[in-house]
There are 2 protein chains.
Amino acid sequence: MHDGSSDPALPETPLRGNVFAAACPTRQLLDRIADKWTVLILLTLANGSQRFGALKRHIGGISQKMLSQTLKSLERDGLIDRTVEHTAPIAVTYAITPLGRSLTVSLRGVIEWAETRMGDVFDARSAFDARANAEH
Amino acid sequence: MHDGSSDPALPETPLRGNVFAAACPTRQLLDRIADKWTVLILLTLANGSQRFGALKRHIGGISQKMLSQTLKSLERDGLIDRTVEHTAPIAVTYAITPLGRSLTVSLRGVIEWAETRMGDVFDARSAFDARANAEH
DNA sequence: CTGCATCCGCAATGATACTG
DNA sequence: CAGTATCATTGCGGATGCAG
């Protein structure tokens with residue numbers, strides 16, 4: 001995979017953002033979307049709009065704080081929409097935006113991988129641990 | 001943790017893991033692969049095997065501790081292979097496994113998204129912040 | 001019902017120094 | 001060169017209480 005360039009400057013860097021550069025803004029973005037709660041929230045909303053309480057019930061183990069906090073981040077980044085109905089007890093509905101939906105395609109692939117390859121990973125872990133034990 | 005009995009809304013419970021269940025092992029797995037360093041390391045190795053030092057140089061901002069630690073996790077999970085050459089100064093080479101490569105397909109999509117949609121996200125942030133300011 | 005503020009423990013992360 | 005070990009710090013993330 002050598003590209004024929006000398007290494008220090010990495011001239012083959014693409015013109016758009018480069019996540020491998022520590023200072024690149026895309027790096028922050030990566031850190032944000034490579035987050036457990038972000039992934040689960042986006043994938044839930046990709047299946048249809050939900051209210052706050054419904055989201056909390058659907059995503060096992062999330063605290064009210066993390067949900068609220070992550071939702072706000074996602075709204076700020078334009079990945080989800082927030083709609084308030086000023087009814088008697090206030091009702092807030094969250095919906096995914098086209099931008100958010102464009103991300104869920106890849107995200108779903110990651111989840112798909114985790115759910116289907118889980119067995120392979122656990123087998124690998126057992127083998128690794130057994131090997132480590134055998135060294136004593 | 002899968003009963004498939006008392007939930008009328010889910011006629012057919014999937015046989016594989018469900019990341020939305022807090023106790024499901026896939027949830028831990030998700031938390032592990034939804035990690036900044038994991039993504040960057042796997043994608044680097046997907047382009048070819050690398051030695052420890054080369055990896056550290058290629059992934060901006062990673063500390064030797066995080067690199068070493070994440071590499072060990074990935075090896076344990078069967079996503080990468082570790083090869084030691086007992087030469088004068090010892091040389092260790094890391095390579096992606098077929099299992100690991102199967103994950104990088106989706107991972108690359110996430111990076112692709114971050115690098116290309118970065119502008120949209122930043123625009124959304126500006127708009128959001130402006131709106132927030134206007135409310136005072 | 002929704003969601004913000006505060007307190008706080010703990011785990012993750014980084015800097016440094018040391019070993020094979 | 002490739003790690004491990006230790007220490008200091010940060011910030012995640014949970015619990016609780018309050019407000020709109």
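Throughout, protein chains are lettered first and strands after them, A, B, ... in sequence-line order, and every chain is numbered starting at 1. Predicted, not measured: the structure shown is a model, and the values here were computed from it.
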Exercise. So does B:Glu112 pair up with A:Arg16, basic N to acidic O under 4.0 Å?
Worked result: yes
For this session: For A:Trp37 and D:dG11, give me the distance from atom CH2 to atom P, rounded to whole Å.
Result: 21 Å
Exercise. Between the side chain of A:Thr93 and the main-chain N/O of A:Arg51, is any donor-acceptor distance below 3.5 Å?
Worked result: no
Seminar exercise, completed: Of A:Met66 and B:Ala54, the one whose closest nucleotide on DNA chain D sits nearer the 5' end is B:Ala54
Exercise. Which nucleotide in the list C:dG20, D:dT4, D:dG13 gets nearest to the side chain of B:Lys72?
Worked result: D:dT4
Exercise. Can you check side chain to side chain contact (heavy atoms under 4.5 Å, CB included) on B:Arg27 and A:Lys36, steps first, answer last?
Worked result: CA-CA 8 Å; B:Arg27 174 66 74 82; A:Lys36 185 176 42 175; 3.9 Å; yes
For this session: Would you please confirm or rule out a distance under 4.0 Å between OP1 or OP2 of C:dC1 and any side-chain N or O of A:Arg51?
Result: no
For this session: Round to the nearest Å and state the distance from A:Asp35 atom CG to D:dC12 atom P.
Result: 10 Å
Problem set entry | Separation of C:dA15 P from B:Gln69 CD (nearest whole Å) | 14 Å
Problem set entry | Distance test, side-chain N/O of B:Ser68 to OP1/OP2 of D:dT4, below 4.0 Å | yes
Problem set entry | Atom-to-atom span, CZ of A:Arg27 to C1' of C:dT13 - whole angstrom | 14 Å
Exercise. How is B:Lys36 classified with respect to the nucleic acid when contacts are heavy atoms under 4.0 Å: base, sugar-phosphate, or nothing?
Worked result: nothing
Problem set entry | Shortest side-chain distance from A:Ser63, nucleotide among D:dG14, C:dA15, D:dT16 | D:dG14
Exercise. Between C:dG3 atom P and A:Leu74 atom CG, what is the distance in whole Å?
Worked result: 13 Å
Exercise. Whole Å only: how far is the CD atom of A:Gln64 from the P atom of C:dT2?
Worked result: 10 Å
For this session: Kindly say if A:Arg82 contacts the phosphate of C:dG3, meaning a side-chain N or O under 4.0 Å from OP1 or OP2.
Result: yes
Problem set entry | Main-chain N/O of A:Ala34 paired to A:Thr38 side chain as donor or acceptor, under 3.5 Å | no
Exercise. Would you say B:Tyr94 reaches D:dC1's phosphate, i.e. side-chain N/O to OP1/OP2 under 4.0 Å?
Worked result: no
Problem set entry | A:Lys65 side chain near D:dC12 phosphate (N/O to OP1/OP2, under 4.0 Å) | no
For this session: Could you state the atom-to-atom distance from CG of A:Leu71 to C1' of C:dC4 in whole Å?
Result: 14 Å
Seminar exercise, completed: Whole-Å distance, A:Gln50 CD to C:dG3 P, equals 14 Å
Exercise. Is it true that a side-chain atom of B:Thr97 and a backbone atom of B:Gly78 form a donor plus acceptor pair closer than 3.5 Å?
Worked result: yes
